[in-house]
Number of protein chains: 2
Amino acid sequence: MKNMKISEAVVRRLPIYLRYLNELTMKSITTVSSQDLGHKLDLNPAQIRKDLAYFGEFGKKGIGYDVAYLIEKIQQILKLDRQIPVALVGAGNLGRALCNYNTYLKDQMKIVAVFDASPQKIGETINNLTVQPIEELKDAVTRLGVRIGIITVPAIEAQNVANQFIHAGIEALLNFAPVIIKVPSEIRLHHADFTTELQSLAYYLD
Amino acid sequence: MKNMKISEAVVRRLPIYLRYLNELTMKSITTVSSQDLGHKLDLNPAQIRKDLAYFGEFGKKGIGYDVAYLIEKIQQILKLDRQIPVALVGAGNLGRALCNYNTYLKDQMKIVAVFDASPQKIGETINNLTVQPIEELKDAVTRLGVRIGIITVPAIEAQNVANQFIHAGIEALLNFAPVIIKVPSEIRLHHADFTTELQSLAYYLD
DNA sequence: TAGATTGTTAATCGATTAACAATC
DNA sequence: TAGATTGTTAATCGATTAACAATC
């Protein structure tokens, strides 16, 4: 099953599995079946087995999956076995909120630098990080080996910040600004957009 | 094409169309083709035509779509032609950030009440809203006709807050806490989860 | 051994894309 | 009329689910 192209849907489920597996660890549960996982996560057990089988044979027939081993494997798949340095531009409320997620992200990912364009924000401290002027972005990205950029600036500035990230050599971007931005095809761009999320939710009201 | 079951994928694209159409309005562009839309949004034009055709015949053959008319129609489909009251629980950085999105949400949706459990937050003002004690949630939801609830509390409190929203008669929930929560099937639950988003992004790094 | 559960193939289901007649 | 573009059907593609042999 190796070397197949993995669909985005599969990749998006892996962190969900990871989250539940971590919950099981905290409850000292050491084994889990696709049945259990499916029931808890509202997914088809066959789908879960298939998702995992793309990457290897992690389970034991008749037994299920060893929780600790599966966590390790999924972390490897998602490249969360090393620490991935992340930088954030936009030290407003949202940016500040995300910086506080460092705890949830464990050691696997870490926001290592925060930037803002407005002079009065420079020097502020957020969760042990000092807000730096945006002019320092390229230097810091290179120096700290930042691979993922987070954009939490107002909509009108988002494209500009994206350009600066790209110029600095970023590999992937997570954009929170409610605006369409364009990046070269080699940059992976994800959107985390509160407004579109709310708007699609409205559709399901009676 | 009416009365078909519309897939979630379609519903999630509608707000994206809406966003670009609004951009066009600001540029005083009055007509757009599925070709234009597809190119700008990296979608197949046929898909866009099909998405829209589920809901009616909004275009003109040989011409394209009238921007203002299409905005109106998509807003109707998403139920954004009326104002939908939203309540938020969790007045931390994230909650505060989302309250400031009221501007982006226009008049179509509005955060009308904010709650928190911690006594020192009560009475604070965020973007013209006064933080209220969580005990008032049910009353306020009823009084203000709140239909959507936003959860921006720490992970351990999320399920509890969800339960209180449900007890208050909410129809849909948007959960930002990085934890799996369970709700009855008649409640529409969406996740807006920063940590899983970042983790799946990591997969695409080389 | 009997029961449980995986990994995988085959069947099904659904979503995307291509193609084109209708028509502005 | 000629060119453009829709709405829709048919074809394709891909993802989910069912089924089951293998095996712990």
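None of these values were measured; they are calculated from a predicted model.
B/N44 places its CG atom 14 Å from the C1' atom of D/dT6, with the value rounded to the nearest Å. Spacing between atom CZ of B/R12 and atom P of C/dA15 amounts to 14 Å, rounded to whole angstrom units. If you take CZ of B/F58 and P of C/dC24, they are 17 Å apart, rounded to a whole angstrom. One can place CG of A/L52 at 7 Å from P of C/dG7, the figure rounded to the nearest angstrom. One interatomic measurement links the two molecules: CZ of A/R49 to P of D/dA19, which rounds to 12 Å at whole-angstrom precision. The CG atom of A/D51 sits 13 Å away from the P atom of C/dT6 (whole-angstrom rounding). The interatomic distance linking B/Q35 (CD) with D/dG7 (P) rounds to 14 Å, in whole Å. Atom CG of B/L43 and atom C1' of C/dA15 are 13 Å apart (whole Å).
Classification of the B/F55-A/Y203 ring pair by plane angle, with boundaries at 30° and 60°, yields perpendicular. Ring orientation note: the planes of A/F194 and B/Y101 are nearly perpendicular, at an angle over 60° on the 30°/60° scale.
Residues A/N163 and A/Q159 bring a donor and an acceptor atom of their side chains to less than 3.5 Å of each other.
Taking the side chain of B/K50 as heavy atoms from C-beta on, and the options C/dA15, D/dT9, C/dT6, the nearest nucleotide is D/dT9. The side chain of B/K61 lies closest to C/dT23 when the candidates are C/dG7, D/dT17, C/dT23. Which of D/dT5, C/dG7, D/dT8 sits closest to the side chain of B/S33 comes down to D/dT5.
The nearest heavy atom of DNA chain C to A/G64 and to B/S7 marks one nucleotide each, and the one closer to the 5' end goes with A/G64. Summary of the strand contacts: A/E8 and B/K60 both lie near DNA chain D, and taking for each the nucleotide with the nearest heavy atom, the more 5' one is attributed to B/K60.
Pair assignment for C/dA22: D/dT5, on the basis of Watson-Crick or G-U wobble contacts that are both within less than 3.5 Å. Across all strands shown, C/dA10 forms a Watson-Crick or G-U wobble pair, both distances under 3.5 Å, with D/dT17.
Between A/S34 and C/dT6, a side-chain N or O to OP1/OP2 separation shorter than 4.0 Å is present. Between A/Y54 and D/dA15, a side-chain N or O to OP1/OP2 separation shorter than 4.0 Å is absent. For the OP1/OP2 pair of C/dT16 and a distance below 4.0 Å, the side-chain nitrogens and oxygens of B/R13 include at least one atom meeting the criterion.
Heavy-atom contacts from other residues, nucleotides or ligands closer than 6.0 Å to NZ of A/K79 number more than 12.
Between A/K182 and B/D42, at least one side-chain N (NZ, or NE/NH1/NH2) sits under 4.0 Å from a carboxylate O, which counts as a salt bridge.
When heavy atoms are screened at a 4.0 angstrom cut-off, B/Q47 is found touching base atoms of the nucleic acid.
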